[in-house]
Every structure is written in structure tokens, then in C-alpha cells.
Peer 1: 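I am attaching a structure below and will ask some questions about it afterwards.
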Amino acid sequence: MRELEMSNTLLDWYDRHARDLPWRVSPSDRAAGVCPDAYRVWLSEIMLQQTTVAAVKSYYERFTSLWPSVTALASAEDAQVMGEWAGLGYYARARNLLKCARVVAENYGGRFPETAESLQKLPGVGPYTSAAISAIAFDAPEVVVDGNVERVIARMFAIRTPLPAAKPEIKERAAKLTPVTRPGDYAQAVMDLGATVCTPRSPACGICPWMTACAARKLGIQAELPAKTPKKPKPTRRGTAYVVRRADGAWLLERRPDKGLLGGMLGWPGSEWSETPVPAPPLEAPWQKLSAEARHTFTHFHLRLDVEVAVVPASTQPEIGEFIPKEDFKPTELPTVMRKVFDLAKEKLQNLN
DNA sequence: TACGCGTGGTA
DNA sequence: TTACCAAGCGT
């Protein structure tokens, strides 16, 4: 199949099978001249980095409802944005989201630049996201390559080189397929194909619009591709989290530094997380160690946290962190590992409500 | 180039 | 239970 025939075949498939997503303009609306709002495209693309559509949907609805425009988001309080992002993960995205919104509001008059080259200069916007925004929001013929596209292309051309070494070859192949007409729909079509048909495990080759052109399928190796360089094993780290409740119901919390793990997020005071952590209670108190531990797995290590709880007098002044009044404390604003600690500790401390 | 950086679903 | 995986970026 020629390149033009392939892209047309996929666009026909997309016209019939495009998923209905909150941030998407349907192919029929697009044909009628409707353009997606660059702010919404950008917001969705940042949220979708390494994150599933199912996880993103409710966050996207909440963010667009609270902040309908990039200028509105630029004016938001850091703490509120971090709190709304809690649970979605990769918190550097939220910090860069705010930075980017403020750059667009202050340096670009609230309008996103249209070229991938300009977009990639913005915080948190890399090669994939810049191309995706330019293609989807402005219909520019950019080559959009994400994990889905890598998988589809690696299979289509039976590229056996493991990722990430195969990226340049994949990008070349993807570039030759990218059409000049409807590049925004085409970019979303390849990603939809990867997400719904050319899936990582047990791809549905029988219903694939590109079935006859696929080299991996001819060889029967589609499920083995793309090859990946093996991952390192995850070590286990340990630590202790301290949950303090003041007699008036306030909770002792600490804002983590902007850089590093869970940067900028609220959390419980605690020891370092390491193979042999040193206990580090935030204040003197009659500590009670819980029998259960909080378990959580991050990208590169497993964590097992002991949880110690204490109730302290209403007059207690914190040396570390800050007492948050009970009416201001929202567990949903905690990153998931900290919410797990809370869920273990709350039964022992809830009698102060 | 390789690593640090979250979370929830799935097999 | 464990390992793998998902619309990557910054350093």
C-alpha cells in the first residue's frame, strides 16, 4: 500500500470509529470547520502524558470547569492547582502546567503559539506534546509520535530494534505516512488505533484497517513488538510517616519541596525513605505505632511505610510543618501514597471530629 | 543516554 | 502478589 492510500484508509476508519472524548472535536464537526480550543488540547495532552484516558477524564472536567481559559488558570493559586492534581501522579506536570499557563498569559497575550517549534519552548511541552498541539489544535502537518504510534509503526514495518534505540527509525517511517490533509484527525486516528486495536497485548488484527499492510502480522510477530530494553528491578525502601492530630482536630501536614518526588505536594512529616531509615518524629508525643503498614509502588521503587499516630494538646506549636484546621483539610488533596497513610491512621484519630 | 518521576488497571 | 503497562518531560 502507498503512503497516501494508507493514511486515507486510516482516516476512513477514524470517521467511523473515533472515540468520543471530552477534549476531542469529532471528525464530522471538524469537517464542518470547528476547531478545538488550544487551551483544552494542551491541558488534555499534559494530563495524558503516561496516563490513561480513564484516569484523566474526571480531572479534565474538573480543571476546565474551575479554569475555563489559560488566563484563568494562570491566575490560580499554586496550592489549589496542586490539590486538584493530587492523585493523577507525575506532579512536575502540575508545576509546569502553572508555569506554562503564566508564560502564555503574560508573554503571548493568552494565545498559544501555533508552531511545534514555539510550543516546545514552553515548560512541560516536549517533542510529542508540541507536535500534538500543533496538529490537533491548528491542523499543522506535524509528525506526532507517542507510545501508541511507536507500537503501531514498529509492527507495521516489523522493526525489531528495541526501544528507545528504534525511535529515529520509527519517526522516519511515521513522517512518510503523515498526510498534508487532515493532519489533526490523522494524528488522533493513529493514537486511537494503537489504543483500541493495535494494543500492547493481544492486538485485534482481525479488525485492523491496516491489517493487509502490516509486516509484523505477515511474520506472526505482532505481539512481540515493539521490543524494549529490559527494565531494572525495583528496590524496596522503608520509612515512617507520622500522623499528628491536635486536640482541636487540626492535622499536622508538611508541604514538600518543589523538586524531587511528590514535589510541591502536601504530605505527612516522616523519616527519609531508604533501605535503613532513621526515625524522625516531628515532635515529642505519645506515639502509637499502627500494626499495618502503608504499601505503595512508585516508578522506580517499592515503599513500605510504618505509620505512627499521636494526639497532642491544642496549644502545641509545630517545629516541622503546619497544623491545618480540620475544616480546611481535604484528603483528596494528598498524593495517593499519603492518602493511604491517612486511611490507615484515621480510625485511631477520628474521635476528634 | 539514562534515569527520576505516580498511579491504577490488567493478566 | 507481582510485573507490566499508559497520549513523556526534564536533567
Side-chain angles (χ1 to χ4, degrees), chain A residues 19 21-24 40-60 82 85-97 99-100 119-133 135-137 142 144-152 162-168 171 174 184 187-196 198-203 223 226-237 256-265 267 273 294-304 332 334-340:
Chain A
R19 288 180 293 172
L21 302 172
W23 46 86
R24 175 172 286 176
R40 290 174 177 251
V41 175
W42 163 74
L43 178 63
S44 67
E45 290 299 341
I46 300 298
M47 288 182 166
L48 287 162
Q49 288 169 6
Q50 299 293 102
T51 308
T52 58
V53 166
V56 163
K57 274 184 179 168
S58 63
Y59 285 85
Y60 175 83
M82 299 310 289
W85 197 277
L88 200 54
Y90 285 135
Y91 298 100
R93 292 185 296 173
R95 302 194 300 275
N96 284 329
L97 188 81
K99 274 190 207 166
C100 182
L119 286 161
Q120 202 176 326
K121 295 193 171 80
L122 297 169
V125 179
Y128 161 73
T129 306
S130 59
I133 297 171
I136 296 170
E142 293 291 339
V144 179
V145 181
D146 72 336
N148 285 308
V149 180
E150 285 176 352
R151 185 171 59 256
V152 170
L163 287 168
K167 279 172 184 272
K171 176 105 183 217
Q188 294 175 93
V190 189
M191 292 191 280
D192 265 24
L193 186 70
T196 64
C198 194
T199 50
R201 285 177 281 216
S202 57
K228 296 191 177 178
T229 51
K231 291 177 175 128
K232 287 186 174 177
K234 291 188 207 299
T236 297
R237 296 186 196 169
R256 299 172 65 89
D258 269 346
K259 297 206 175 203
L261 191 66
L262 308 178
M265 299 300 291
W273 297 343
R295 290 190 180 201
H296 191 75
T297 299
F298 293 98
T299 311
H300 52 296
F301 65 94
H302 301 292
L303 179 64
R304 300 170 69 141
T332 58
L334 298 176
T336 299
V337 62
M338 298 298 175
R339 194 176 44 68
K340 287 181 182 177

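All chains are named by letter (A, B, ...) in the order of the sequence lines, taking the proteins before the strands, and each is independently numbered beginning at 1.
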Peer 1: Compare the minimum distances between each of B:dG8, C:dA6, B:dA11 and the side chain of A:R339, then state the nucleotide with the smallest one.
Peer 2: B:dG8
Peer 1: NA contact type, A:V149, heavy-atom cut-off 4.0 Å: base, sugar-phosphate, or nothing?
Peer 2: nothing
Peer 1: Got A:L97 and A:L43 here, is their nearest side-chain heavy-atom distance under 4.5 Å?
Peer 2: yes
Peer 1: What's A:V144 touching, base or sugar-phosphate or nothing? Going by heavy atoms closer than 4.0 Å.
Peer 2: nothing
Peer 1: Is the backbone of A:T236 close enough, under 3.5 Å, to the side chain of A:R304 for a donor and an acceptor to pair up by distance?
Peer 2: no
Peer 1: Regarding B:dG6, can its base be found pairing with the side chain of A:T297 as donor and acceptor, where the two atoms are less than 3.5 Å apart?
Peer 2: no
Peer 1: Out of C:dA6, B:dT7, C:dG10, which has the shortest distance to the side chain of A:R151?
Peer 2: C:dA6
Peer 1: For A:K228, answer base if it contacts any base atom (sugar-phosphate contacts may also be present), sugar-phosphate if it contacts only those atoms, and nothing otherwise; contact means non-hydrogen atoms under 4.0 Å.
Peer 2: sugar-phosphate
Peer 1: A:K340 NZ to B:dG6 P: how many Å, rounded?
Peer 2: 14 Å
Peer 1: Distance between the P atoms of C:dC4 and B:dC3, in whole angstroms?
Peer 2: 16 Å
Peer 1: For the side chain of A:H302, counting heavy atoms from C-beta on, which of C:dA3, C:dG8, C:dA6 is nearest?
Peer 2: C:dA3
Peer 1: Roughly how many Å is it from NZ in A:K259 to P in C:dT11, rounded to a whole number?
Peer 2: 6 Å
Peer 1: Could you check A:L48 against A:P123 and say which one's nearest nucleotide on DNA chain C is further toward the 5' end?
Peer 2: A:L48
Peer 1: In whole angstroms, how far is the P atom of C:dG8 from the CG atom of A:N96?
Peer 2: 16 Å
Peer 1: For A:R95 and B:dC5, give me the distance from atom CZ to atom P, rounded to whole Å.
Peer 2: 10 Å
Peer 1: Report the nucleotide, chosen from C:dG8, C:dA6, B:dC5, that has the shortest atom-to-atom distance to any side-chain atom of A:L261.
Peer 2: B:dC5
Peer 1: Under 4.5 Å between any side-chain heavy atoms of A:L21 and A:Q188, yes or no?
Peer 2: no
Peer 1: Which is more 5' along DNA chain B, the nucleotide nearest A:A165 or the one nearest A:L262? Just name the residue.
Peer 2: A:A165
Peer 1: B:dG8 and C:dC9: how far apart are their P atoms, nearest whole angstrom?
Peer 2: 22 Å
Peer 1: In terms of side-chain heavy atoms of A:H296, which of C:dA6, B:dG6, B:dA11 is nearest?
Peer 2: B:dG6
Peer 1: Give A:R19 one of three labels, base, sugar-phosphate or nothing, depending on what nucleic acid heavy atoms sit under 4.0 Å from its own.
Peer 2: base
Peer 1: Once you apply a heavy-atom cut-off of 4.0 Å, does A:W23 come out as touching a base, just sugar-phosphate, or nothing?
Peer 2: base
Peer 1: For A:G87, which contact category applies under a 4.0 Å heavy-atom criterion: base, sugar-phosphate, or nothing?
Peer 2: sugar-phosphate
Peer 1: Map A:Q50 and A:R295 onto DNA chain C by nearest heavy atom, then report which one ends up closer to the 5' terminus.
Peer 2: A:R295
Peer 1: For B:dC5, does OP1 or OP2 lie under 4.0 Å from any side-chain N or O of A:H300?
Peer 2: yes
Peer 1: Is there side-chain contact between A:D192 and A:R24, with heavy atoms separated by less than 4.5 Å?
Peer 2: yes
Peer 1: Could you check whether any side-chain heavy atom of A:E150 comes within less than 4.5 Å of a side-chain heavy atom of A:K167, counting everything from C-beta outward?
Peer 2: yes
Peer 1: Any idea how A:F298 and A:F301 line up, ring-wise: parallel (<30°), tilted (30 to 60°), or perpendicular (>60°)?
Peer 2: tilted
Peer 1: Whole-Å distance between C:dC9 P and A:L119 CG?
Peer 2: 12 Å
Peer 1: Identify, between A:Y90 and A:P164, the residue whose nearest nucleotide on DNA chain B lies closer to the 5' end.
Peer 2: A:P164
Peer 1: Could you state the atom-to-atom distance from CD1 of A:I46 to C1' of C:dG8 in whole Å?
Peer 2: 9 Å
Peer 1: Give A:L21 one of three labels, base, sugar-phosphate or nothing, depending on what nucleic acid heavy atoms sit under 4.0 Å from its own.
Peer 2: base
Peer 1: Between the base of B:dG6 and the side chain of A:T299, is there any donor-acceptor pair under 3.5 Å?
Peer 2: yes
Peer 1: Rounded to whole Å, how long is the line connecting atom CZ of A:R93 with atom P of C:dG8?
Peer 2: 9 Å
Peer 1: What is the separation between atom CH2 on A:W42 and atom P on C:dG8, rounded to the nearest whole Å?
Peer 2: 17 Å
Peer 1: A:R201 has a side chain; which of C:dC9, C:dC5, B:dC3 sits nearest to it?
Peer 2: C:dC5
Peer 1: Let's see if you can work this out: which of B:dT7, B:dC5, C:dG8 has an atom nearest to the side-chain heavy atoms of A:D146?
Peer 2: C:dG8
Peer 1: Whether the side chain of A:R93 engages the backbone of A:G124 through a donor-acceptor N/O pair (distance < 3.5 Å, no angle test) should be reported.
Peer 2: no
Peer 1: Does one side chain, of A:Y128 or A:E45, offer a donor that lies under 3.5 Å from an acceptor on the other?
Peer 2: yes
Peer 1: Out of C:dG8, B:dA11, B:dT7, which nucleotide sits closest to the side chain of A:Y128?
Peer 2: C:dG8
Peer 1: If you look at every strand shown and take non-hydrogen atoms under 4.0 Å, does A:K234 touch a base, only sugar-phosphate, or nothing?
Peer 2: nothing
Peer 1: Let's see if you can work this out: which of C:dC5, B:dG6, C:dG8 has an atom nearest to the side-chain heavy atoms of A:T51?
Peer 2: B:dG6
